[in-house]
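Only one structure is covered here, and it is reproduced in the block below.
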Amino acid sequence: MTFKSILDEIENNLTKILSDLSVSDVEFSVEPAKPGFGDVSSNVSFLLAKSLKKSPKEIAEMLSEKYSSCTSTTLVLKSEPHPSGYLNFIANWDKLSQLIISESYLDTCGDVELGNGSSMVVEHTSVNPNKALHIGHIRNIIIGDTISRILEKSGYKVNVLNYIDDSGLQVADIIVGFKHFGYAEEPPDGKKFDHYCGDDVYVKTTEKYEADSSLEEIRKKVLKELEDGNSETAKFGDKITRRVLAGQLETCWNFGVTYDCLNFESQIIRSGLWSKIFEKLKEMNLVEFENEGKNGGCWVIRGDGKEEDKVIVRSNGTATYIAKDIPYAAWKLGLLEDPFNYEQYENEQPNSRVLWQTSLKDTDKISKDFTGEKVVTVIDSRQANLQKIITTLMDKFKSAPDAYNHLGYESVTLSSDTAKTLGLETDGKQTQMSGRKGLYVSADSVYDILKEKTKEETKKRHPEMDDSEIEIIAHSVSVGTIRYEMIKQDLDKIITFDLTKSLSLEGDTSPYIQYTHARASRILEKSGRTPTIDVDFTLLKEKSELDLIKNIGLFNLQVRDAANNLSPKVIARYCYDLAVSFNSFYEKSKVLDLGDVELENSRLCLVNSFKIVLEKALDLLGIQSPDRM
RNA sequence: GGGCCUAUGGCGCAGCAUGGAUAGCGUGUUGGACUUCUAAUCCAAAAGUCAAGGGAUCGAAGCCCUUUGGGCCCA
């Protein structure tokens, strides 16, 4: 067990004391204490103040006295009433340290029993395959990837999906560029294909539309042709989008993000899934036919109360954009018979996780189950309206609340300085990125810049290091920096990306945390020993040591919190706090050459414990833990 | 016109779900610490009417109402 052991012990004892006082139904808290207030705090006295008609201070004193006569207390040394009314507890660290550190050496350390093996779909990325990923897409991808790691750690069987919208307007646009405006199929001088399509073909094609509105006709024609899977246009589109997709996936993989299945929109359309679900929706009365009014002749989803009705099929029989998302949402929840076969994706993912893709070919007679009892869809909050409709609809469809979850987040905008370098004057205001206007910073370029910077930094510190090792370190630091920047703040905060400011490597950043890991590794390496847990834990009694142990013991509580709230930043903050407490320990307590073998062993054991837990916590963020930096 | 998000030291953020103690952190500024297990580190100082107003509460950064600034979505 971990720090939770002492929380549980206190909670049980307090509950018992309360029942002796014949007070029940009090939902008091038992939490790790703020610094300076012991180890554990409870607010129980405040909650009793009214019913017992005493001040919180008096109650805390009374409870503290009763607590001291509790027999089943092994982890608490004593309880202390605080004049404010809080009831604080001092831990018996001799025992608690041993519990926490031994636990940290286990493979299961940090595991949480929440999912109990139930399946969960996490869909993220889902970028139109007509351009390279930019830094805004990266926020989506990193949030999704981190959440899926956290859910896996919490006992869910997670299926990670990437929806490939390969039949929309944006794809039509680059096809027009290639077919009608004569863009060469091969990018110039070795440019990555996804960058070429996004920077050159897409941006310049849309510029031409703006200059000449008669070109709209071509665009519409191409879009229409895309719908017929056997058309030349569709085949050409398929070839192009798959090549762009390969480029996008290469970027994702570089960032440590992998998937289980790619779902192609074109195949969802051709599978006839929509008509099946439309029939079902009609049967279940979840859609209704409107006879009159402004929506006369349309099929609509009735709005709740003050919400307006949403048209899903127009009077001319065409489906609206809302309708496009419904079949996929239902498929993800396993509400429909699966129309797909599956084949392995042609390129292998770096971590050997097998990547599948949907197929309509009869030759791929492989069936798979990538659905989930629950679904998390990571899409930015600009789509909150649409997602709300789908959520309500799906919860009714499955008749399970919380089956479909939209995990929204605010967008990444460009700082005025960075916008200026891309040729846009913004009067000091931040600005939304736009793939269509070419206003974005690509993920690959941020990575490249960062990698150059970290390479230099590493070389400066380790002139003797060979290039391949520097390469590996620079990679993990660059990826870490970007990943950490994307999830360290709340999902509903806008990230203003600034090309120079966002590349800081000091303070509350991934390199800070990774560096701390390298420090720990170095101590262990230099000691020349393999730490064991067969040490005297009572020797660890410095404040900085106990703080560190406490933080180590909070790991599983943090994972649970992050999973329950779908909040990746919880783990980011945890990693940072853990690193801070290690650095404090590092400054105050030497580990090696103490002339006291017992103490050295105990501290080495602690250092190793920290290293193990930090590594696991960073892994939840998809950040690697280098041994040297 | 309707809806969603947001406001906390100069700047960027945490804390808010579940009200209680001394509002934390990074950055920037000023000063200090490398012959030491790596200074991508650490220590210290200055810097806050928690947007404004009101309400319920013994008690509000947090809950409720109103207003304002910023961002977004729909019409």
Mark this stacking check for A:Tyr86 against B:A21 as yes or no, applying ring centres under 5.5 Å and ring planes under 30°.
-> yes

Taking OP1 and OP2 of B:C58, is either one under 4.0 Å from a side-chain nitrogen or oxygen of A:Lys54?
-> no

Considering only distance and modelled atom types, tabulate donor-acceptor pairs under 3.5 Å from the side chains of residues 620-629 of chain A, sequence neighbours left out.
{"unit_1": "A:Asp627", "atom_1": "OD1", "unit_2": "A:Ser521", "atom_2": "OG", "d": "2.7"}
{"unit_1": "A:Asp627", "atom_1": "OD1", "unit_2": "A:Lys611", "atom_2": "NZ", "d": "3.1"}
{"unit_1": "A:Arg628", "atom_1": "NH2", "unit_2": "A:Glu464", "atom_2": "OE2", "d": "3.2"}

Between residues 478-492 of chain A and RNA chain B, which residues have a heavy-atom gap below 4.0 Å?
-> A:Gln489, A:Asp490, A:Asp492

Tell me, which of residues 505-512 of chain A have any heavy atom that sits under 4.0 Å from an atom in RNA chain B?
-> A:Leu505, A:Glu506, A:Gly507, A:Asp508, A:Pro511, A:Tyr512

Is the closest basic N to carboxylate O distance between A:Glu456 and A:Lys459 below 4.0 Å?
-> no

Could you pull out all residues at least two apart from A:Asn405 that satisfy side-chain hydrogen bond (donor to acceptor under 3.5 Å, both in side chains)?
-> none

Round to the nearest Å and state the distance from A:Ile495 atom CD1 to B:C5 atom P.
-> 19 Å

Residues forming a side-chain hydrogen bond (donor to acceptor under 3.5 Å, both in side chains) with A:Tyr409, sequence neighbours excluded = A:Asn140

Determine the interatomic distance between P on B:G19 and the same-named atom on B:C64; round to the nearest Å.
-> 12 Å

Listed partners of A:Ser315 passing side-chain hydrogen bond (donor to acceptor under 3.5 Å, both in side chains), at least two apart | none

Residues two or more places apart in sequence or in another chain: which of them pass salt bridge (charged side-chain N to carboxylate O under 4.0 Å, His left out) with A:Glu9?
-> none

Are there any protein N/O atoms within less than 3.5 Å of an N/O atom in nucleotides 69-74 of chain B, and if so, which ones and at what distance?
{"unit_1": "B:C73", "atom_1": "O2'", "unit_2": "A:Asn385", "atom_2": "ND2", "d": "2.9"}

side-chain hydrogen bond (donor to acceptor under 3.5 Å, both in side chains) against A:Ser84, all qualifying residues, sequence neighbours excluded = A:His82

B:U41 P sits how many Å from A:His517 NE2, rounded?
-> 17 Å

Indicate, with a heavy-atom threshold strictly under 4.0 Å, whether A:Asp577 touches base, sugar-phosphate, or nothing.
-> nothing

Name the stems that RNA chain B belongs to, where each is three or more consecutive Watson-Crick or G-U pairs with both distances under 3.5 Å?
-> B:1-7 with B:68-74, B:10-13 with B:24-27, B:29-33 with B:41-45, B:51-55 with B:63-67

Polar atom pairs between nucleotides 33-37 of chain B and protein, under 3.5 Å, N or O only, would you list them?
{"unit_1": "B:C37", "atom_1": "O2", "unit_2": "A:Val591", "atom_2": "N", "d": "3.4"}
{"unit_1": "B:C37", "atom_1": "O2", "unit_2": "A:Leu592", "atom_2": "N", "d": "3.4"}
{"unit_1": "B:C37", "atom_1": "N3", "unit_2": "A:Val591", "atom_2": "N", "d": "3.2"}
{"unit_1": "B:C37", "atom_1": "N4", "unit_2": "A:Tyr586", "atom_2": "O", "d": "2.5"}
{"unit_1": "B:C37", "atom_1": "N4", "unit_2": "A:Ser589", "atom_2": "O", "d": "3.1"}

Assign A:Ala49 to base, sugar-phosphate, or nothing according to its heavy-atom contacts below 4.0 angstrom with the strands shown.
-> nothing

How is A:Ser41 classified with respect to the nucleic acid when contacts are heavy atoms under 4.0 Å: base, sugar-phosphate, or nothing?
-> base

Using the closest heavy atom to pick a nucleotide of RNA chain B for each, name whichever of A:Thr496 or A:Ile473 lands nearer the 5' end.
-> A:Thr496

Contacts of A:Asp593 meeting salt bridge (charged side-chain N to carboxylate O under 4.0 Å, His left out) (sequence neighbours excluded), chain-then-number -> none

